[in-house]
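The structure appears right after this line, and notes come after that.
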Amino acid sequence: MTESPILVLGATGKTGRRVVTRLRDLGLPVKAASRSGETRFDWDDPTTWDAALDGVSKLYLVPPPLSADPTQEITALLQKFSGHVVVLSARGAGFHPAEDVVRKLAAEWTVLRPTWFFQNFNEDLFAPAVEAGELALPAGDGSEPFIDADDIADVAVAALTQDGHAGQTYDLSGPESLTWAEAAAHIERALGRPFAYRACPPEEFHASLTAAGVPEDLTELLVQSMLEIAGGESAYLSDGVQRALGRPPRSFTDFVTATWPSA
Ligand SMILES: NC(=O)c1ccc[n+]([C@@H]2O[C@H](COP(=O)([O-])OP(=O)(O)OC[C@H]3O[C@@H](n4cnc5c(N)ncnc54)[C@H](OP(=O)(O)O)[C@@H]3O)[C@@H](O)[C@H]2O)c1
């Protein structure tokens, strides 16, 4: 275990927040960093980087969230850091530039490559749709083995605090593949009010992301991810949670029941 601080980027986000809590529960020193975090870190303002990295031996790297290709930013950051990097990547080759540059430049690295998170439904992108009662995506009737951000955080903390995870790429999925309609039906039952999935044309999703201020290149990547799901390319399960933690991942139904306990 390390005594110098661990720097957690994206520390107010869905995985970063959970990583910070777990590390502190272990009694480890943590710098919780983001634009609005305890430690100020802004990918768009490199003058904030040196103070954030000062004294740090390990790094949980959440790439700049609005960048489709963060190679430049990560390259510049890793020129200033020589410890173990645990990087949050994603399933789908379009998301892999971040992990490629970490593998190339970091002294030690661990790659986490998750599917779409459960917590998009209650903490982020799809929460307004849950409120409104309808989620429209160009994912057809394809299925996705959604994953719990708590499982991702558990794997990240294992990689940051235990031996044996350097050089590993963990493909992380939940224990079952669900169509978006099935996921919506689970949530609807728990909510006790209407919530349905509607398969929409890619142009409609594209327009909604543009209206939400998502940059064009990332919008295209997210549309591509949905089309891959529609084509059945993302239905397969991955065993990264079992490999890293020796236990199975948490199920979507357990998440739904815990999140909307009126079920
Ligand atoms: N969501 C999913 O289902 C999913 C699935 C697979 C992979 N991923 C990957 O997870 C990563 C995080 O995405 P997310 O959507 O889950 O977001 P998130 O981690 O929940 O939130 C984004 C985090 O980044 C921080 N941030 C935003 N802009 C920043 C900037 N310019 N400089 C420094 N920090 C900044 C935010 O805090 P402040 O606002 O305080 O700066 C926040 O802590 C992405 O690389 C994505 O590809 C996500």
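For the numbers below, each heavy atom of this structure counts, side chains included, while hydrogens, waters and symmetry mates do not. Owing to the predicted nature of the structure, the values given are computational and were not obtained by experimental measurement. Atoms within each ligand, like the ligands themselves, are counted from 1 in listed order.
With respect to Phe121, the ring pair (Phe, Tyr, Trp, His ring centres under 6.0 Å) criterion is satisfied by exactly one of Trp116, Phe252, Phe255, Trp260: Phe252.
On a distance-only criterion, Gly13 and ligand 1 share at least one N/O pair closer than 3.5 Å. The shortest N or O to N or O distance between Asp42 and ligand 1 is below 3.5 Å.
In terms of protein heavy-atom proximity, atom 11 (C) of ligand 1 is nearest to Leu88 CD2, 3.6 Å. The nearest protein atom to atom 47 (O) of ligand 1, hydrogens excluded, is given as Phe95 CD2, 4.1 Å; this is a heavy-atom distance. For atom 39 (O) of ligand 1, the closest non-hydrogen atom on the protein side is Arg35 NH2, 2.8 Å. For atom 17 (O) of ligand 1, the nearest non-hydrogen atom of the protein is Lys14 NZ, 3.6 Å. The protein non-hydrogen atom at the shortest distance from atom 40 (O) of ligand 1 is Ser36 OG, 2.4 Å.
At a distance under 4.0 Å, no protein heavy atom can be found next to atom 44 (C) of ligand 1. Less than 4.0 angstrom separates atom 29 (C) of ligand 1 from at least one non-hydrogen atom of the protein.
The environment of CG in Asp239 is crowded: more than 12 heavy-atom neighbours from other residues, nucleotides or ligands sit within 6.0 Å. At most 12 non-hydrogen atoms from other residues, nucleotides or ligands lie less than 6.0 angstrom from CD of Gln72.
At a 4.0 Å heavy-atom cut-off, ligand 1 touches Val62 through the side chain alone. Within the 4.0 Å heavy-atom criterion, neither part of Pro64 lies near ligand 1. With a heavy-atom cut-off of 4.0 Å, Pro65 touches ligand 1 through its side chain alone.
Ligand 1 does not have Ala149 within reach: every non-hydrogen atom of the residue lies 4.0 Å or more from it. In this structure, Ala11 has a heavy atom closer than 4.0 Å to ligand 1. Between Thr115 and ligand 1 there is a heavy-atom distance shorter than 4.0 Å. Heavy atoms of Asn120 come nearer than 4.0 angstrom to ligand 1 in at least one pair.
Near Asp44, the atoms of ligand 1 lying under 4.0 angstrom from a non-hydrogen atom of the residue are 31 (N). Near Gly10, with a cut-off below 4.0 Å to any heavy atom, the atoms of ligand 1 are 23 (C), 24 (O), 43 (O). Which parts of ligand 1 touch Thr12 is read off a 4.0 Å heavy-atom cut-off, strictly below it: atoms 36 (C), 37 (O), 38 (P), 40 (O), 42 (C), 43 (O). Under a 4.0 Å criterion applied to the non-hydrogen atoms of Ser34, ligand 1 contributes the atoms 37 (O), 38 (P), 40 (O), 41 (O).
Both tests hold for Arg91 against Tyr236: distance to the six-membered ring centre under 6.0 Å, angle to the ring axis within 45°.
A salt bridge is defined here as a Lys NZ or Arg NE, NH1 or NH2 lying under 4.0 Å from an Asp or Glu carboxylate O, and Asp151 with Arg18 fails to meet this definition.
A donor-acceptor pair shorter than 3.5 Å can be found between the side chains of Thr169 and Arg103. The closest side-chain donor-acceptor pair between Thr179 and Tyr197, if any, does not fall under 3.5 angstrom.
Listed for the Thr48 side chain is a donor-acceptor partner under 3.5 Å among the backbone atoms of Asp42.
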- side chain to side chain contact (heavy atoms under 4.5 Å, CB included) between Glu99 and Trp109: does it pass, once the steps are laid out? CA-CA 9 Å; Glu99 64 179 78; Trp109 52 263; over 6 Å; no
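Side-chain heavy atoms closer than 4.5 Å link hydrophobic residues (I, L, V, M, F, W, Y) into clusters, and following such links, even through other members, never connects Leu178 to Leu237.
Of all non-hydrogen atoms in Ile152 and Pro114, the two that sit nearest each other are CD1-CB, 3.7 Å. Closest of all the heavy-atom pairs between Ala90 and His96 is O-NE2, 2.9 Å.
Considering Trp43, Trp116, Phe117, Phe41 only, the shortest heavy-atom separation from atom 6 (C) of ligand 1 involves Phe117.
Gln119 places none of its side-chain heavy atoms less than 4.5 Å from the side chain of Asp124.
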